[in-house]
Structure formats: C-alpha cells, structure tokens
There are 2 protein chains.
Amino acid sequence: MKRGRITMNDVAELAGVSTMTVSNVINDRVRVSPEARERVLAAIRESGYQINAAARSLRSGRSGVIGLAVPQVGNAYFGMFAALVIEEAQRHGYHVAVEQTGAVAVGEAAAVAQSRRLQLDGLILSLANAEADAPGLPLTDQSPPLVVLGEQDPAGRFDHVTVANEAGTAAATAHLIDQGCKRIAVVTGGNLDRLTMFTRRYNGYRTALEERGIRPDPRLRFVVDALSREGARATGHRIADSGLGVDGVVALNDMVAMGVIRGLHDRGVSVPGDVRVIGFDDLPESEVFIPSLSTVRPDHRWKAAKAVDLILSRIDDPLIPPREFTAPFEVVQRESTA
Amino acid sequence: MKRGRITMNDVAELAGVSTMTVSNVINDRVRVSPEARERVLAAIRESGYQINAAARSLRSGRSGVIGLAVPQVGNAYFGMFAALVIEEAQRHGYHVAVEQTGAVAVGEAAAVAQSRRLQLDGLILSLANAEADAPGLPLTDQSPPLVVLGEQDPAGRFDHVTVANEAGTAAATAHLIDQGCKRIAVVTGGNLDRLTMFTRRYNGYRTALEERGIRPDPRLRFVVDALSREGARATGHRIADSGLGVDGVVALNDMVAMGVIRGLHDRGVSVPGDVRVIGFDDLPESEVFIPSLSTVRPDHRWKAAKAVDLILSRIDDPLIPPREFTAPFEVVQRESTA
DNA sequence: TTGTAAGCGTTATCAG
DNA sequence: CTGATAACGCTTACAA
C-alpha cells in the first residue's frame, strides 16, 4: 500500500493505462474497452482510491452537491424537511450541504454567498426572515441555480415551491366552524406587514370567517412573542385568561398549536372539551400528542421532490423561465377538534 | 463589472498588486502594508469577489469544513444536536457538512469515505448501528480526524464523547423507586448482544434495581419493534395489556417515552396516576407534552462543544492519544413521575 | 513587504 | 478507443 495520498495517476500506473482512461472509467464518459475498464476497477479496489472532490470541482466547475438553507435544523419541521431533501437528492446522485440561516436576512444572504464559494450546483433556500428592511440576496451571475421556499419571492424571479398557506388555513378554520366553534381565535407570528407565511395564514383565517359570514374580531388575534414552544404556551395562558369566550383556535403551525394546548391545559381548559385547536404541518409528534392534533398536512415529500427536480432541471438549462408550484394539502382531523 | 468568474488574479489586477498579496490579505497571513491591504479590500468589494473553496482546498489540503454524520436529521434529538454542533463550529470559523447514516453500518462507512473525498478537516460520527456483523469503518491514513459519539468504540482508537447512559438510566430508575414504584418496566431497543446505547441504558436499569434489592423480572423488559413513535405507542399498548401490574416505565429515550404514554392513554391508563414514566434526552417538546415528561437531561451543548474541541485539537496535532469524555447529566422531574 | 514560479488532482480538448 | 497536454484558481516556497 502506497503511502501518502493516492491519486488518479497512481491508479493509472497500477492499471497500466493513462490517467484519462481512469477518469473515463470513473465518470462513465466515453466508451472504454472492457479489459481496460476491468483493470482500472481492480486497481481502484486494490489501492482504496477515492476521487478528490476538490480537484474535480475545480476543474469541472461542478461539485455534485446542492445546498439546503433552512432557518434551523433543530426545528422539527425543518429537520424533517431536510431529511426528505437529502433522500430525494441522493436518488439523483447528489449530496446535500445543509446551512442554517437563523431566519434572518444576513443568514440567508450568507447562505447564497456560501453557495458560490463552495461551488454548489444549486441552492434550495427557505426564506423566512420577517425583517421589514431586509436587503436583497447577494446574487451574481456566478450564483448557482436557486429554488426558493416560503412566501418571500415578491419579484417572481426564482423557481418557487410553496404550500397552500391561505387555502390550508382557510380549510382549517372552516373545519372549526363545521365543528360548531363560534369564537375562533387565531395565533400568528410577528410582523404582518410583509407578505410572510404568517400573513398568508392569517389571511386564510380571515377569508374563511368572512366566507361564512362571521365578522373577524381583532381581539381574537393573538401574536406569539417568541416563535417557540414556550412562547406558544404563554399565548395559551393569555387565551385562557382573556375572558373572550374562545372555543376554537387556529394556530399558525403544529409546534405553536401544541404549546397553546399545553398553556390551556395549565389553566384547566380542556382540549377539545372546552376549546378545539387545529395546527398546520402535521409534524411526526402531532399524532402522538395528547390530545392528538388536528392539522393541515401539506405533502412534504412532494415539496422536497419538487424542489430537487426544479434545481436539477435548472442545472441542465439555466435559461428556462421561473416556475412556481404549490404543494397539495389535506386537513387531518384528530382528537384536538373532535 | 467583469463577466465570467472573478478570480484572485482579477482582484490583484484591479488593486494593482500581485495575486499573492491578495491571498495574504484574505488569509491574514503575513504582514501586508496598510495601503496595499486597503486597495485589495476595495477591489474585493468592488468586484464582488468570492474565494473559490475548491481551489483553496485542492492546494492547501484543508477545506475549513468538518463533517457531522448522524442517523437522521429528522429525528428530534439529532436535529437539535446538529444545530448545536453547527453553532460551535461556526464559533471557531468552521463550516459543517451534515451527512445521514440511516443508523446502518454501510451508511456510517459511506460517511467516512465521503469525508475523505470531500477533504473534510474532521468528522464527528454518531455511531448507532446495531448490526451484529457490522464491518469496520473504512479508515485509511488519508481519513480526517475522527470523533466518535455513541457507544460503539470497542477498540478505544478514537476520540470519544458519550453520555452517561448507564448512570443516567440508573438515576432515572432510582427516581421511580423513590416515587414508590414497585413494578418497573423498561422499554429498550433491539439487539442487546452488542454494546449499544440500548444495552447500556438497559444495564443502568438493572443496576439500579439490584442496588435497591429488587430482582429484575425479565417479563418487564419490553422491546420496541420499530424505533419510532408509533412503535413506542404499540409498546404502550402491550404494557397496558400485559396484566403484569406495571406501575413505572423507564423508557430508553424521550421519543419512546412519549409514544408509550400515548399508548397507555389509548388504553385508559393514566400517567402519572396509574403508571409513572421517565425518559432520556430532554427534547424541546418534552416540557410541553401532556403530561410534561420527567427525563434524564445530558448537557447537549457541552457534548457538542467537546466534540468540536476534540476535532480541532486533533487537526492541530493528529498524534495525541485518543481521549474519552462523558457529558454531565441531571434528572429532571416533571409531571409524568409526580 | 512583495512578487515569481510551480504544482495540488482532476477533466476538456484534441491528436493518435 | 486511448493518451498527451494544458488548464481550473489557489497557496507553498523561495527570490527580490
């Protein structure tokens, strides 16, 4: 066994062929004679050769890696989604580099810059910052193809995959009305000035109420301070203590819904007995939660697969005009709205 | 604005210096005169130059990226842990590439091979396969420094960070005994033949019972089939239906504990009224679960920081002998064992 | 302090 | 079908 790094040259020497033949075998590029191919493969096995990704990437301009930038992999939703993207990319022979943006504009910009530095072949970027004065993304003609997830693609300049935020939340709200709820609160996130996921879901709630002839009561809009389980729990307390006679809650997502249920529980308010609650996302834990959580379930795998497909097709042809897709969803009824 | 990729050469030309001066400014290597430095920085800003990571990595042999290989980023525990590692690495100027092993030996081997291909500067590998005939890792003298997490470092050849699986589970079991439980079941994972996390935690349970003079009853050992929430829920059903008079459950982790509680709930068994349940990990969701989950909380951030420190110190000096660390833990009492 | 020259390991190109 | 040659963009080593 040779000491030091084993290169393609070493393999070539071992196999008694030229470096290019080794390269051709590895990349299955041009036709190589069966004998030569066999000798090369044997030499690779024998030497334990591994291709050097840096050299390949430098020369070819391609890395075989696509980036996925999400706010937080520790968040159940994004962790699950990342796993799906990794699977889908793998199916096409690509690796995935996961970045965290922290849901702030500078993080999102950094992910774009990083994608260029690392020679990523594409970037799936989950946009989530709610900053009013967020600067644009630092895109150049060197940036790899971009697929945007989330609500913040105002200009429609990129491929875009989203979920039916308005329709989904409207369906969730309608479901509560069908269950007999009269005083339906909504729990949303911060800033509703910009077109964020929060805004869209809030709009879906309003739309559903209005369609049923219910006048939205602004006092029934609760804003969760910190977008965390504990923040949502505190919101549950505020709902229980509000004296507004709330008998239904539309939560902006499952994590918040569970926090709210917990907060209500802390105050002796039972779900679904006293208040019915519905979420959005259908996290893995939602089915096991007590009470199991009714929710809007977007087809997460569809979304992941579509994002990967869009990236790959744009790698093939960077000039196709931007496309937009919305993942299908269904309302899942469980105990929390029984 | 120049078309095509902007290289260090372009920046040098723009600044009226040599390429090396640009490189020296970027890497803050040798002393550069203030004027030259300023001109270079201006040229970088003006041109939007981004260093090419592939070229740097090819030449220097370093990528500035460390790998983190975990079974599944969609798993709440590993998602949370990945977020911590990314933060800690960032603090030291490193990026993190996340790989998934699927908790199988081939996946773990692939992560090691990949770390070499990608020129990663180090690899944090969470070993979790329970396969009896798992082959060794494909390590060569080209492999980057390795830090192993989990229980499966039989030879003690690598830096190793673990949690106090035995002591933690023993403390959890002792806590149930202190709460008055007499018939304490344990819910563990598959294969107990090898020294896995499952085995260690199971041993901690036995140790605690024996220390308190309780003879372990083999019928009280429940194996969760699929290591999933649904598998754990089914195990809850089996416990409720067993007729063994179980009044306490030590679950191998929080995800399983919550599934078991849900399964007991399905059968009308109340927690903690009829059965007390304790988990392991202290997931973010455990505090909001109803009932809130008592658990063993290892110091996850400590573990992440230690893993990163070990990698970095070994990058500095590959020759230091393997070191082993165990994260501190505490038992957190909540409603599920009240 | 700055610049010149060489080469890291791979692949595109083109000649055999 | 195979091989020689020249880059890809950067940093190491050394010279000025």
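In the text below, chain A, chain B and the rest are named by the order of the sequence lines, each starting its count at 1.
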- Could I get the full list of side-chain contact (heavy atoms from CB on, under 4.5 Å) partners for A:Leu227, not counting sequence neighbours? A:Phe198, A:Val224, A:Leu252, A:Val256
- Message: Nearest whole Å is fine: how far is D:dG9 P from A:Leu58 CG?
- Response: 7 Å
- Query: 5'-most contact on DNA chain C: B:Glu35 or A:Asn9, nearest heavy atom basis?
  - Reply: B:Glu35
- Whole Å only: how far is the CD atom of A:Glu38 from the P atom of D:dC1? 16 Å
- residues 35-72 of chain A vs ring pair (Phe, Tyr, Trp, His ring centres under 6.0 Å), sequence neighbours excluded, gives none
- What residues form a side-chain contact (heavy atoms from CB on, under 4.5 Å) with B:Ser18, not counting sequence neighbours? B:Met20, B:Thr21
- Task: Rounded off to whole Å, could you give me the CZ-to-C1' distance for the A:Arg39 and D:dC1 pair?
- Result: 13 Å
- Message: Give me each pair satisfying salt bridge (Lys or Arg N to Asp or Glu O under 4.0 Å) with a member in residues 73-95 of chain A, each pair once, sequence neighbours excluded.
- Response: A:Glu87-A:Arg301, A:Glu88-A:Arg91, A:Glu88-A:Arg301
- Message: For the helix from C:dT1-D:dA16 to C:dG16-D:dC1, what angle separates the axis at the start from the axis at the finish, each from five pairs, in steps of 10°?
- Response: 30°
- Message: Taking any heavy-atom pair under 4.0 Å as a contact, classify A:Ala36: base, sugar-phosphate, or nothing.
- Response: sugar-phosphate
- Carboxylate-amine/guanidinium proximity below 4.0 Å for A:Asp159 and A:Arg323: yes
- So, is A:Ser18 close to the D:dA4 phosphate, meaning a side-chain N or O under 4.0 Å from OP1 or OP2? no
- Query: Roughly, in whole Å, what's the span from CZ in B:Arg5 to C1' in D:dA7?
  - Reply: 15 Å
- Task: Answer yes or no: are there more than 12 heavy-atom neighbours, outside A:Gln114 itself, under 6.0 Å from its atom CD?
- Result: yes
- Message: From CZ of B:Arg62 over to P of D:dC10, roughly how many Å is that when rounded to an integer?
- Response: 19 Å
- Considering residues at least two apart in sequence or located in another chain, which fulfil the side chain to side chain donor-acceptor pair (under 3.5 Å) criterion with B:Asn27? B:Ser23, B:Arg56
- Return the value, rounded to whole Å, for the distance between atom CD1 of B:Ile6 and atom P of D:dC8. 15 Å
- Looking at residues at least two apart in the chain, or sitting in another chain, which of them share a side-chain contact (heavy atoms from CB on, under 4.5 Å) with B:Ser57? A:Ala54, B:Ser63, B:Gln119
- Quick one: which residue pairs count as a side chain to side chain donor-acceptor pair (under 3.5 Å) with a foot in residues 66-84 of chain B, not counting sequence neighbours? B:Tyr77-B:Lys303
- Message: Students should find this one: the first and last nucleotides of DNA chain C, 5' to 3', lying under 4.0 Å from a heavy atom of chain A. What are they?
- Response: C:dG9 to C:dA12
Would you list the protein and nucleotides 11-13 of chain D atom pairs, both N or O, that sit under 3.5 Å from each other?
residue, atom, partner, partner atom, Å
D:dT11, OP1, B:Asn27, ND2, 3.2
D:dT11, OP1, B:Arg56, NE, 2.9
D:dT11, OP1, B:Arg56, NH2, 3.4
D:dT11, OP2, B:Ser23, OG, 2.8
D:dT11, O2, B:Arg59, NH1, 3.1

- Query: Atom CD of B:Glu13 and atom C1' of D:dG9: how far apart are they, to the nearest Å?
  - Reply: 15 Å
- Task: State which residues pass salt bridge (charged side-chain N to carboxylate O under 4.0 Å, His left out) with B:Asp317; sequence neighbours excluded, sorted by chain then number.
- Result: none
- Query: Excluding sequence neighbours, so at least two apart, what forms side-chain contact (heavy atoms from CB on, under 4.5 Å) with A:Pro298?
  - Reply: A:Val163, A:Phe280, A:His300
